[in-house]
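What you see below is based on every heavy atom in this structure, not just the backbone, and it leaves out hydrogens, waters and symmetry mates. Protein chains get the first letters and strands the later ones, always in sequence-line order, with residue 1 at the start of each.
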Number of protein chains: 2
Amino acid sequence: MRVIVAEDQGMLRGALSALLDLEDDIEVVAQADNGEQALELIQALQPDICLLDIEMPKMTGLDVAEKVKASGLPCKVVILTTFSRSGYFQRAMRAGVHGFLLKDSPIEELSASLRTVQLGGRAVSPALALTFWDTENPLTSKEQEILKLIAQGLSANEMAKELFLSSGTIRNYVSEILQKLDAKNRIDAIAIAEKNGWLV
Amino acid sequence: MRVIVAEDQGMLRGALSALLDLEDDIEVVAQADNGEQALELIQALQPDICLLDIEMPKMTGLDVAEKVKASGLPCKVVILTTFSRSGYFQRAMRAGVHGFLLKDSPIEELSASLRTVQLGGRAVSPALALTFWDTENPLTSKEQEILKLIAQGLSANEMAKELFLSSGTIRNYVSEILQKLDAKNRIDAIAIAEKNGWLV
DNA sequence: CCGGCTTTATGACATTTGTCATCTCAAAAT
DNA sequence: ATTTTGAGATGACAAATGTCATAAAGCCGG
């Protein structure tokens, strides 16, 4: 099967590609170190499967997966990610991906999963099983927007300017966010959101 | 040469080990997924070289490197890390490591560097060259301690309890930290420290 | 058209943060 | 023995943060 590997960390990308290429039935036809490049390569080379990291420059693996689905490309998508965050997983499922693997899994799982997916099956890291249902992101899209600004260290006033709102309104939103996330303060809120994958 | 690979991310650890093992002159005698285990294995198996990730559970790769040096073990140390943070690099140099590689480098660099180190040389990722001199950590150890608590989202009062200081003193320290780092607020300070590798 | 929902705004308030100048006390340095 | 230094404390203050109740305006579905 023809595979594309997209992963921004050079060493991991190289190592995975090299190992996959050693398998008789797998051929790595291209590598990408960012999401945009990955998408172009998928369109150009029409591989059977693309292996996508989530946290990549320019476009996340989830963005790419959604575009692949939207444009009806036949390429099957397998997501490869560092953290077991339910937010990531849910978004991936909604994008109709065929596999979702943790970088923490043993390397043997990778080629096995690719084969499963190639045969029409789905492959999910066993470690994910527990994280399945919990924690839908409770924040509205405006709240998420504000939380991202908080994470950049902006003050209420700065956010107000950025979003053309009054600083009072911003403080109300922040207050709402803290309550929804059950956070003690801004820093706590960032940590909680990050852990759940709500800051992608 | 006999090598130990310590890296908490299973897939990378497996992939690197597998690839290194394919080389005729390299034998991976053990793998560790945390710092403590790595140190034990180094003591028990006396490998020629250990390849250490920095961010690992229980003990960071830098901690391990320092212990190896302190106990006079003959094992040469090669650090492998995600980010090019001068704080990491400086601490590693002080611990007398023989190699310092970025996970972003191409995979070929790895075995080449191990050979260089085995022959008594030093191997540093070229990408590091620029980051060499700047940014010694300006914070005292107490300030660093407090910054870590800040990063955990503690309020001044909570920190005061934790460290048996008055909350006023804590606020003085925080104020100092912000000035030294030229940060606008706590969140900004965390970001700056993180970028420079001062939160290990 | 009405009632409910959402978005935004306001004002009042308590708490927390951040800044500064100043003070004590003990340990180090001279 | 006296100065210097450093860690810690205090108090006063301005600014930012967090909480709440309330209200205006707009939109949407029935």
Could you run down the sub-3.5 Å N/O contacts of the protein with nucleotides 23-26 of chain D?
none

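For D:dG8, the OP1/OP2 oxygens have a side-chain nitrogen or oxygen of B:K142 closer than 4.0 Å.
The main-chain N or O of B:L102 is found under 3.5 Å from a side-chain atom of B:S125 such that the two form a donor-acceptor pair.
In terms of the salt bridge (charged side-chain N to carboxylate O under 4.0 Å, His left out) criterion, residue partners of A:K184 (sequence neighbours excluded) are, by chain and number, B:E158. Under the salt bridge (charged side-chain N to carboxylate O under 4.0 Å, His left out) criterion, A:E55 pairs with A:R85, sequence neighbours left out. Residues passing the side-chain hydrogen bond (donor to acceptor under 3.5 Å, both in side chains) test with B:Q144: none are found, sequence neighbours excluded. Shown here are the side-chain hydrogen bond (donor to acceptor under 3.5 Å, both in side chains) partners of A:R91, two or more places apart in sequence or in another chain: A:D63, A:E66. Residues satisfying the side-chain contact (heavy atoms from CB on, under 4.5 Å) criterion with A:R2, sequence neighbours excluded, are A:E27, A:V29, A:L45, A:D48.
In this structure, CD1 in B:I49 is found 5.0 Å from CG in B:L114, a value given to the nearest 0.5 Å.
Sorted by first and then second residue, the salt bridge (charged side-chain N to carboxylate O under 4.0 Å, His left out) pairs involving residues 102-119 of chain A (not counting sequence neighbours) are A:E7-A:K103, A:E23-A:R115, A:D25-A:R115, A:D53-A:K103. Listed by first then second residue, pairs satisfying salt bridge (charged side-chain N to carboxylate O under 4.0 Å, His left out) with a partner in residues 166-182 of chain B read B:E143-B:K180, not counting sequence neighbours. Applying the salt bridge (charged side-chain N to carboxylate O under 4.0 Å, His left out) test to every pair with at least one member in residues 191-200 of chain A, sequence neighbours left out, gives no pairs at all.
A heavy-atom distance below 4.5 Å is not found between the side chains of A:V78 and A:L52.
Sorted by residue number, the members of residues 164-177 of chain A with any non-hydrogen atom under 4.0 Å from DNA chain D read A:R171, A:N172, A:V174, A:S175.
If you check the side chains of A:S166 and A:T169, you find a donor sitting under 3.5 Å from an acceptor.
Each of B:N185 and B:T140 was assigned the nucleotide of DNA chain D with the nearest heavy atom; the assignment lying further toward the 5' end belongs to B:T140.
Applying side-chain contact (heavy atoms from CB on, under 4.5 Å) to B:I170 and the options B:N157, B:L163, B:I150 leaves one that passes, B:L163.
Direction change of the helix axis from one end of the helix from C:dC1-D:dG30 to C:dT30-D:dA1 to the other is 30°, with five pairs defining each end axis (rounded to 10°).
Think of the region where chain A sits on DNA chain C: with heavy atoms and a 4.0 Å cut, that region ends 5' and 3' at C:dT7 to C:dA12.
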